[in-house]
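Beneath this line is the structure, given in structure tokens, with notes to follow.
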Amino acid sequence: MSVPSKWKIAQHWNESLKRDAFAPHLLLDEPCCFACGWFSQRWKQATAQASWQRANLERAHIIPSSLGGPDDASNLLLLCNPCHQESPDWVDPAQMARWIATREERPSRELETFLAWFAAAEKAPDFKDALASVASVVAEEGAAERVSELLQDLLGRAGTHFGVGFSQGTRVTVLQAAADEINRRAQQTGCEADESRSVDV
């Protein structure tokens with residue numbers, strides 16, 4: 001017997017009487033982790049079926065196959081990687097339901113990424129100072145766009161960890177490098193302004 005598709009699993013639990021216990025966050029038209037509700041806006045496709053198939057969710061057995069659990073939709077949940085890794089491997093389905101009931105909700109992938117960058121900024125105080133200098137030294141329009149372009153350029157030079165993306169250390173490094181470049185450009189703009197004033201005198 002082949003393992004059912006993510007869409008078939010979602011459909012099964014959408015109609016199941018045990019939905020509240022095993023898939024409390026399930027909305028058929030918006031894929032998410034059954035246990036914590038984590039999702040990504042990038043999963044959205046033209047149809048619900050296509051969205052579920054694109055979703056970066058893992059099939060997780062309620063009763064593990066090593067303990068005799070079957071590969072059918074009634075024994076499979078769709079979980080994010082952290083939930084799948086932390087879920088219990090136990091012969092009694094009630095323990096999985098109990099574990100799901102205690103799971104904390106997670107924000108969307110996009111919000112988690114934003115919060116990770118915010119935390120990185122706290123560890124890169126030079127970046128916050130540099131942004132303040134942009135506001136005071138560079139009065140012309142387009143400063144925010146230039147900072148955004150700089151960050152995109154620096155991200156293009158950064159590496160990623162497999163399965164993780166940008167590590168927190170990489171985020172801090174990117175922000176520190178951005179601060180250095182912003183400060184360099186601000187000094188250069190200040191020097192050019194000084195030279196212009198000396199010529200005028």
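Residue L67 holds its CG atom at 11.5 Å from CG of D92, rounded to the nearest 0.5 Å. Distance check: W52 CH2 to L57 CG gives 6.5 Å after rounding to the nearest 0.5 Å. One finds the CG atom of D72 at 13.5 Å from the NZ atom of K8 (value rounded to the nearest 0.5 Å).
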Could you check L28 against W7 for side-chain contact (heavy atoms from CB on, under 4.5 Å), going step by step and ending with a plain yes or no?
-> CA-CA 9 Å; L28 199 56; W7 174 239; 3.8 Å; yes
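Side-chain contact between C33 and H25 is absent, with no heavy atoms from C-beta onward closer than 4.5 Å. Contact of the S66 side chain with the D89 side chain is not registered, since no non-hydrogen atoms from C-beta on lie closer than 4.5 Å. Using a 4.5 Å cut-off on side-chain heavy atoms (C-beta onward), I100 and F34 make no contact.
The heavy-atom pair separating L26 from A10 by the smallest distance is CD2-O, 3.7 Å. P70 approaches N75 most closely through the heavy-atom pair O-ND2, 2.9 Å. Closest approach of C32 to G37, counting heavy atoms only: CB-O, 3.6 Å.
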Pairs of donor and acceptor atoms involving the side chains of residues 112-120, under 3.5 Å and at least two apart or interchain, shall be tabulated with distances.
from : atom 1 : to   : atom 2 : distance (Å)
E112 : OE1    : W38  : NE1    : 2.8
E112 : OE1    : R106 : NH2    : 2.8
E112 : OE2    : R106 : NE     : 2.9
E112 : OE2    : R106 : NH2    : 3.0
T113 : OG1    : R109 : O      : 2.9

Tell me which donor-acceptor pairs under 3.5 Å the side chains of residues 78-88 have, and how far apart each pair is, sequence neighbours excluded?
from : atom 1 : to   : atom 2 : distance (Å)
N81  : OD1    : Q85  : NE2    : 3.2
N81  : ND2    : E58  : OE2    : 2.8
H84  : ND1    : E58  : OE1    : 2.7
E86  : OE1    : R103 : NH1    : 2.8
E86  : OE1    : R103 : NH2    : 3.3
S87  : OG     : H84  : O      : 2.9

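Hydrophobic clustering keeps L27 apart from L111 (ILVMFWY residues linked when any side-chain heavy atoms are closer than 4.5 Å, directly or through intermediates). A continuous path of hydrophobic side-chain contacts links L77 to W99 [ILVMFWY only; heavy atoms under 4.5 Å]. Taking hydrophobic clusters as Ile, Leu, Val, Met, Phe, Trp and Tyr residues chained together by side-chain heavy-atom distances below 4.5 Å, W90 does not share a cluster with I63.
Within the structure, every pair that satisfies the side chain to side chain donor-acceptor pair (under 3.5 Å) test and touches residues 40-50, not counting sequence neighbours, is listed here: S40-E110. Applying the salt bridge (charged side-chain N to carboxylate O under 4.0 Å, His left out) test to every pair with at least one member in residues 60-70, sequence neighbours left out, gives no pairs at all. Pairs of residues two or more places apart, or lying in two chains, never qualify as salt bridge (charged side-chain N to carboxylate O under 4.0 Å, His left out) while including a residue from residues 17-32.
For the pair N183 (side chain) and A179 (backbone), a donor-acceptor distance under 3.5 Å is present. Checking side-chain atoms of D126 against main-chain N and O of Q176 turns up no donor-acceptor pair under 3.5 Å. Listed for the Q53 side chain is a donor-acceptor partner under 3.5 Å among the backbone atoms of K6.
In this view, E105 satisfies the salt bridge (Lys or Arg N to Asp or Glu O under 4.0 Å) rule with no residue, not counting sequence neighbours. Evaluation of the side-chain contact (heavy atoms from CB on, under 4.5 Å) rule for A178 yields F127, L150, L151, L154 as partners, not counting sequence neighbours. Evaluation of the side-chain contact (heavy atoms from CB on, under 4.5 Å) rule for T173 yields no partner, not counting sequence neighbours. Under the salt bridge (Lys or Arg N to Asp or Glu O under 4.0 Å) criterion, R184 pairs with E181, not counting sequence neighbours. Residues meeting the side-chain contact (heavy atoms from CB on, under 4.5 Å) test with A97, sequence neighbours left out: A21, F22. By the side-chain hydrogen bond (donor to acceptor under 3.5 Å, both in side chains) test, H61 pairs with D71, sequence neighbours left out. In this structure, the side-chain contact (heavy atoms from CB on, under 4.5 Å) partners of D153, at least two apart in sequence or on a different chain, are R157.
Using a 3.5 Å distance cut-off with no hydrogens or angles, the side chains of R171 and Q168 do pair a donor with an acceptor.
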